[in-house]
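In what follows, chains are A, B, ... by sequence order, proteins preceding strands, each numbered from 1. As the structure is a prediction and not an experimental result, all values here were calculated from the model.
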Amino acid sequence: MPRIVNVVLVLSLVGAAWNNSKAASPVRVIATTTVVADLVEQVGGDLVAVESLMADGVDPHSYRATPRDIDRLIRADLIVANGLHLEGKLAELLERIGRKRPFVAVGNAVPKDELLSIGNDLFDPHIWFDAKLWSYCPSTVADALSQLDSKAALHYRQRAEKYSKDLLELDKNVRRKFKKIPQQRRVLITAHDAFRYFGRAYGLEVIGVQGTSTESEAGLADMNQLVELVVQREIPAVFVETSVSDRNVTALIEGAAARGHSVRLGGRLYSDALGPAGGGGDTLEGALLSNVDTIIGALRATSTSQRIVE
Amino acid sequence: MIHLAVAIAFLPYNTLVVAAGVAAVGCAAGVIGTFGVLRKRALVGDAAAHATLVGVACALLLTGQRDLAVLLVGGLLSAMVAIVLLVLIRKFTRTRDDAATAIVLSVSFGLGITLISGMVSRGIPGSGGLERFLLGHTASLTATDALLLGTVSVVGVLCIVVGLKEATMVAFDPDFAAAAGWPAATLDLVLIALIAVMVVVGLPAAGAVLVTALVVIPPAVARQWTERLVPMLVIAGAVGLLSALGGVVLSSLAVQVPTGPVVVLVATAFLILSILVAPCRGILWRTRSVSGLSSVSLTKTEVGAATPRVMERKL
Amino acid sequence: MAGNNSAREVHVAHPMLEWHDLTVAYGRRPVLWNVDFEIQDPCLFGIIGPNGAGKSTLLKASLDLVRRAGGTVRFWGQQLAEVRSKIAYVPQRETVDWDFPVSVMDVVRMGATSRLGWFQRGGKRERELARASLDHVGLADFANRQIGKLSGGQQQRVFLARALAREAEIYLLDEPMAGVDAGSQEQIFNILAELRDQGKLVIAVHHDIRTAAEWFDAVALVDMRLVAAGPTAEVLTPENLTMTYSGRLSILDEIGEAVERGGRTP
């Protein structure tokens, strides 16, 4: 079995070398999630062909690789992952393939002291919705691409710098938008803890019904506490995510309603995956802005006499 | 005790909803499970539960919706197919009950996982983590869920109450029932199907493994306390109900305690207690009687000799 | 045919039970082959043969409990479905779980209520019938005992009482003497003989040739096919027995001995 893998590896290396000799053919990159794929696309532009291992709407915490995925990973010129244990079940496989193939985990580019610890030397991996944190990442991708395709190194570096600048601009933009929301209303309740960096960056208190990973189950006491919190602070809206089941949030809304507090379903937020291609949420910028607009729209609405819609 | 009563009186809404839903499932699972346990079919429910994955995956594929009702209908259909397959395998290959159950369980689970993996790798929206349907989400039951669970539970228990004579006759001695003109095979299938429906509907409330426990543990507790069927049904139902209520209340007292597993732990506590102290069958009772009354221990030996526990049917 | 002669006027034209070319196979393995025989009148009838000869299968095939590959079974010239209420079946004792949480009375009452329609639980009449049947087999004192707490002979009698509670005309018993001590065996045979005297047909699968010769009016020797059938004295000949038990020489001596003594057990 290892022998077969080696043969495949050699063949694909030969293939890769042959590909590089032709200037016109793009660098083939496999990104683990749609968010990472977007990053690579922003940096690489027309010179790379990016594919995302996980499709949009897929939960990366519980994703398991299929043989076809392994094949795709082995054949790629470059593998780009988020890292920081986002790809829970995939991590070990990525590490193994990463030893033999060019591999980058963009999360490692973020300075450790800016990451949120979740204990045991582990960090919250959901870094992308803090545009400032994400702006650390383009340069790593540019470096990796330059090593494979040195002739276009300048192209990659320029694009990476431009994209980092765009992200910082976006960051400022989002901050400004949130200023319009009164401080005590800035509470974001979602199905799982994917928005802690986002909350820290833009001054929102973030509470997830589930834990940081989608794998843990919420207990009844957690649910009761949340209901209490929503009622006490008169929070007008809670949110669901595109890639996570919304059952917990539904139960929460019902619990609050029983206490005479009507809390709205504020809408769907992009969290672990971007939207389908062609939609407004198919890039990180688009998804972030869409989230911001959804949240602001819902939190600005008056908390009372809101009907539970959707 | 008073503390507990007060706690129940002031339960938050979500606790009440979850308690109602899980208690209904616990009670009905105990009653219906009694026949499963007596027919040595404890794992039929487990097989049905795992078979739901195929239906759940197909339901998502066909409708594109990840709606609980849609998924449940799909799951129920595939569980029924699995149960029919189980009966057919037993009938035509003369495979033993436990082996046939194991075959159906593993094959349908494998098929379900394969289907879901295939859907995930093809990027079908909503397919990620679909296998977690089997885990349940006790704490986030809604009033609609509780109502559904309650209705199915009541109907299930009613079926047993109405057909008690038929169920008992077929469960005890299917050959005698068949010879007397009763459709024993069909009645048997109905009993299995009842267990399957109960388990599938109970999936959101507790998850596959835990709902299987609710089908098996309360009857096992009840059997420790009685030698008669009707009391056994009543006790099993009561134990299921109390386990559910106890588990829900206990888990609502502390943060980060998942509700489903606590329910099963409470049921298990009932079982351990019963094994120790139940009259006649309890360990404590038996030790005392052997040392105390010689005449009783004599009867015991006789009983042992006269009780051949042959599960296979001879021809 | 031997036996008491209280003929039933209604069915006088037909034998009480007839098998025509009855064949049963499990998969491709034939278990019973072309059994063709009829029992005209009430009697105590034994089905005798070695292990695996298809004795139990013969009963089960008669009651549609196993699928017949061919042939027909008629009771008073009618299909089973039309006369089920007049037939009682006693399965082998090992086929049920004796740890089942039912009392002796519960089991016997099943016999009485098995004749009622769907969802009817029965009332006073069924209770009295069950009580009388239990009395009949001498187990009235054990009515409330859990069935596992009985001896083998008592368990067989509970099964017999359940069959009696069906108030049937034909009784089909599968190994009613298995695991039964000599005393109980005598008691059970007496009840069966009594039934015969009341004009019932009693058919029992049996494996002990000595007692068979003593009690049965008529027997059928079965070894996958019908070797011989008829009045006991005519059928239990050394030749027939050799044919039935061929290849099972170890018990031939015993059989010869039994037959020589004219079916009299000490």
Side-chain angles (χ1 to χ4, degrees), chain B residues 34-35 37-40 91-94 159 161-185 187 219 222-233 235-236 280-281 299-300 302-315, chain C residues 26-27 31 52 54 56-57 59-60 62-66 80-81 84-85 87-103 106-107 109-111 113-116 118-122 144-155 159 162-163 166 168 172 174-175 179:
Chain B
T34 296
F35 281 99
V37 168
L38 289 176
R39 287 289 279 132
K40 322 257 184 242
K91 189 169 174 193
F92 288 106
T93 67
R94 299 168 55 72
C159 284
V161 170
V162 170
L164 184 63
K165 178 189 79 179
E166 288 74 14
T168 313
M169 198 158 35
V170 168
F172 174 62
D173 191 345
D175 280 351
F176 176 82
W182 295 91
L187 282 171
R223 188 66 186 87
Q224 293 293 319
W225 293 90
T226 178
E227 301 277 21
R228 301 289 292 274
L229 186 62
V230 173
M232 182 171 168
L233 288 167
I235 296 173
C280 304
R281 292 185 159 231
T299 339
K300 282 268 163 210
E302 231 179 67
V303 169
T307 316
R309 297 193 189 191
V310 182
M311 285 159 204
E312 267 177 303
R313 260 146 234 276
K314 261 176 76 178
L315 283 160
Chain C
Y26 291 139
V31 186
S56 298
T57 305
L59 288 197
K60 289 187 172 183
S62 312
L63 292 165
D64 289 348
L65 296 181
V66 295
L80 173 68
R84 275 205 200 264
S85 62
I87 295 170
Y89 172 57
V90 177
Q92 277 181 22
R93 188 162 57 96
E94 307 91 89
T95 56
V96 305
D97 170 17
W98 289 90
D99 205 29
F100 205 89
V102 283
S103 70
D106 291 336
V107 173
R109 202 150 50 202
M110 277 182 216
T113 55
S114 68
R115 304 184 308 168
L116 302 175
W118 280 94
F119 313 127
Q120 287 176 10
R121 301 284 170 82
N144 290 321
R145 195 175 277 201
Q146 195 270 331
I147 51 167
K149 294 172 179 157
L150 298 173
S151 70
Q154 288 168 333
Q155 288 178 344
F159 263 18
R162 179 178 63 170
R166 275 182 68 75
L172 301 169
D174 200 345
E175 299 269 11

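Rounding to the nearest 0.5 Å places CZ of R166(C) at 9.5 Å from OG1 of T113(C). Residue D174(C) holds its CG atom at 12.5 Å from CZ of R93(C), rounded to the nearest 0.5 Å. Separating the OG1 atom in T168(B) from the CG atom in L233(B) is a distance of 7.5 Å, to the nearest 0.5 Å. With rounding to the nearest 0.5 angstrom, the NZ atom of K149(C) is 13.5 Å from the CD atom of Q154(C).
Neither the backbone nor the side chain of R115(C) has a heavy atom closer than 4.5 Å to any heavy atom of chain B. In this structure, the portion of L187(B) lying under 4.5 Å from any heavy atom of chain C is its side chain and not its backbone. Contacts between D64(C) and chain B at a heavy-atom distance below 4.5 Å are absent for every atom of the residue. Heavy atoms closer than 4.5 Å to chain B are found in the side chain of V107(C), but not in its backbone. Residue L116(C) touches chain B through both its backbone and its side chain, counting heavy-atom pairs closer than 4.5 Å. Looking at I87(C), there are no atoms closer than 4.5 Å to chain B (heavy atoms on both sides), in backbone or side chain. Only the side chain of M232(B) comes within less than 4.5 Å of a heavy atom in chain C; its backbone stays farther off.
In terms of non-hydrogen atom pairs under 4.5 Å with chain C, the most contact-rich of T34(B), L164(B), V162(B) is V162(B). Ranked by non-hydrogen atom pairs under 4.5 Å with chain B, the options S85(C), S114(C), A81(C) are led by S114(C). Counting heavy-atom pairs under 4.5 Å between each of V31(C), D106(C), V90(C) and chain B puts D106(C) at the top.
Side-chain atoms of E227(B) do not come within 3.5 Å of backbone N or O of I147(C) as any donor-acceptor pair. Within the 3.5 Å criterion, the main-chain N or O of G148(C) finds a donor-acceptor partner in the side chain of Q146(C).
The aromatic ring centroids of Y89(C) and W182(B) lie 6.0 Å or more from each other.
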